[in-house]
Amino acid sequence: MYILGLTGSIGMGKSATAKLFQHYGIPVHDADATVHKLMGPKGCATPFIAKAFPGSLAENGAVDRLKLGPQVFGDDQALKKLEAILHPMVREEERKFLRQCQLQRHKMVVLDIPLLFETKGEKRCDGVAVVSTSKIMQKKRVLARPNMTVEKFRAILKKQLSDFEKRKRADYVIFTGNGFRHARFQVKGIIQDIIS
């Protein structure tokens, strides 16, 4: 079973690209969605985060990102503490996903991991696809998000490996600046290249 790591900086169109792989029947493990589940009302990580970051829970028992954010944003030690809780749990979910896919005899799977290179996740993959677009398009997409500011955007970019560096390390690069059909064509080509 071929494990393709899918990554890309913020605003590059990675989530939409992951859906294209699913459209072609390729199972995708979404690290971000797993984090959301772990931090949800009955999430495994919720009690640990509540203990480490008092006052970070919402009324429904889920972690409130707006309450947690100020405790973590710009504080490397706090971020490390949060990652120490979440990363092992996300990895365990990933392992379960891979076991399930092997049992179902899938020829290929995708691990959608935003900080793939930053966390050395590429070592767990057979190849890496990086999603990319122009800096202008990236900025436009990101600043259109709710609660996003130029300062937040810059802070996020600082924590991420540059797009140039990611593309240099990639086995495949998917450009999303020329529309949905063009991206879909590239995804189909990657699947054919890997599976054939």
Side-chain angles (χ1 to χ4, degrees), residues 1-10 12-53 56-57 60-63 65 68 72 79-132 159-161 166-167 169-174 176 183-184 186-196:
M1 186 174 76
Y2 189 99
I3 301 170
L4 180 72
L6 181 70
T7 194
S9 299
I10 185 169
M12 293 297 189
K14 185 181 59 57
S15 299
T17 304
K19 285 188 179 83
L20 292 176
F21 280 98
Q22 286 175 317
H23 169 78
Y24 287 114
I26 306 298
V28 174
H29 184 264
D30 182 338
D32 267 355
T34 303
V35 167
H36 278 278
K37 198 174 87 181
L38 290 168
M39 289 168 60
K42 291 192 172 79
C44 299
T46 303
F48 297 100
I49 293 170
K51 193 177 172 191
F53 302 95
S56 61
L57 287 194
N60 66 353
V63 174
R65 286 178 173 236
L68 178 66
V72 177
L79 186 64
K80 280 196 177 96
K81 201 197 299 187
L82 180 64
E83 286 172 348
I85 296 167
L86 288 169
H87 285 182
M89 292 183 182
V90 174
R91 284 290 304 280
E92 185 48 41
E93 290 299 314
E94 184 190 288
R95 277 192 287 269
K96 282 183 203 166
F97 165 82
L98 291 172
R99 273 198 300 270
Q100 191 62 37
C101 290
Q102 268 177 326
L103 288 171
Q104 292 166 350
R105 300 192 180 281
H106 285 282
K107 289 183 178 169
M108 173 187 176
V109 295
V110 169
L111 298 181
D112 174 356
I113 305 173
L115 298 174
L116 181 81
F117 291 119
E118 294 83 347
T119 58
K120 311 249 184 302
E122 76 275 15
K123 290 178 178 166
R124 306 195 304 275
C125 303
D126 298 304
V128 174
V130 166
V131 183
S132 183
K159 287 200 174 5
Q160 297 184 341
L161 200 63
K166 282 176 183 164
R167 282 187 281 121
R169 295 190 193 184
D171 299 283
Y172 302 98
V173 178
I174 301 161
T176 62
R184 194 165 65 188
Q186 293 170 83
V187 166
K188 193 176 179 183
I190 290 168
I191 295 166
Q192 285 170 341
D193 185 53
I194 289 168
I195 287 180
S196 62

Of all heavy-atom pairs linking Leu116 and Cys125, the shortest is CD1-SG, 4.2 Å
How far apart are the C-alpha atoms of Asp32 and Ser15, what are their side-chain angles, what is the distance that settles it, and do they pass the side-chain contact (heavy atoms from CB on, under 4.5 Å) test? CA-CA 10 Å; Asp32 267 355; Ser15 299; 5.9 Å; no
Starting from the C-alpha separation in whole Å, work towards a yes-or-no answer on side-chain contact (heavy atoms from CB on, under 4.5 Å) for Leu68 and Leu82. CA-CA 10 Å; Leu68 178 66; Leu82 180 64; 4.1 Å; yes
Reported CG-to-OG1 distance for the pair Leu38 and Thr46, which is rounded to 0.5 angstrom: 8.0 Å
With heavy-atom distances below 4.5 Å as the criterion, would you say the side chains of Val109 and Met1 are in contact? yes
Given the rule in the side-chain contact (heavy atoms from CB on, under 4.5 Å) test, do His106 and Gln100 qualify, once you have shown the distances and angles that lead to the verdict? CA-CA 9 Å; His106 285 282; Gln100 191 62 37; over 6 Å; no
Over all atoms of both residues, closest heavy-atom pair of Asp171 and Gly127: OD2-CA, 3.2 Å
Are Ile174 and Leu20 packed together at the side-chain level, in the sense that at least one heavy-atom pair is separated by less than 4.5 angstrom? no
Set out, in order, the CA-CA distance, both residues' side-chain angles and the distance that settles side-chain contact (heavy atoms from CB on, under 4.5 Å) for Ile113 and Val90, then state yes or no. CA-CA 10 Å; Ile113 305 173; Val90 174; over 6 Å; no
Any pair with a residue in residues 102-116 that passes salt bridge (charged side-chain N to carboxylate O under 4.0 Å, His left out), sequence neighbours left out, goes on the list, sorted by first then second residue, please. Lys14-Asp112
Drop me the distance from Glu122's CD to Lys120's NZ, to the nearest 0.5 angstrom. 7.0 Å
Answer yes or no: is there an ion pair linking Arg95 with Glu92, defined by an N-O contact shorter than 4.0 Å? yes
Is the shortest heavy-atom distance from the side chain of Tyr172 to the side chain of Gln186 under 4.5 Å? no
Return the CD1 to OH distance between Ile191 and Tyr2, rounded to the nearest 0.5 Å. 12.0 Å
Determine whether Glu118 and Lys159 make a side-chain contact, defined as any pair of heavy atoms from C-beta on separated by less than 4.5 Å. no
Working to the nearest 0.5 angstrom, can you tell me the gap between Lys51 NZ and Ile49 CD1? 13.5 Å
Can Thr7 and Lys166 be counted as having a side-chain donor-acceptor contact under 3.5 angstrom? no
Determine, step by step, whether Glu83 and Lys80 satisfy the salt bridge (Lys or Arg N to Asp or Glu O under 4.0 Å) criterion, reporting the C-alpha distance in whole Å, the side-chain angles of both residues, the deciding distance to 0.1 Å, and the verdict. CA-CA 5 Å; Glu83 286 172 348; Lys80 280 196 177 96; over 6 Å; no
Side-chain contact test, heavy atoms from C-beta onward, threshold under 4.5 Å: evaluate it for Leu4 versus Ile190 and give yes or no. yes
Judged by atom type as modelled, is there a donor-acceptor pair below 3.5 Å linking the side chain of Glu94 to the main-chain atoms of Leu111? no
Tell me every residue that passes side chain to side chain contact (heavy atoms under 4.5 Å, CB included) with Phe48, counting only those two or more places apart in sequence or in another chain. Ile85, Met89
Restricting to non-hydrogen atoms, name the atom on Ala31 and the atom on Pro114 that form the minimum distance, rounded to 0.1 Å. CB-CD, 4.2 Å
Once you round to the nearest 0.5 Å, how far does OG1 of Thr34 lie from CZ of Phe97? 9.5 Å
Quick one: pull up CG in Leu57 and CE in Met39 and give me the separation to the nearest 0.5 Å. 9.5 Å
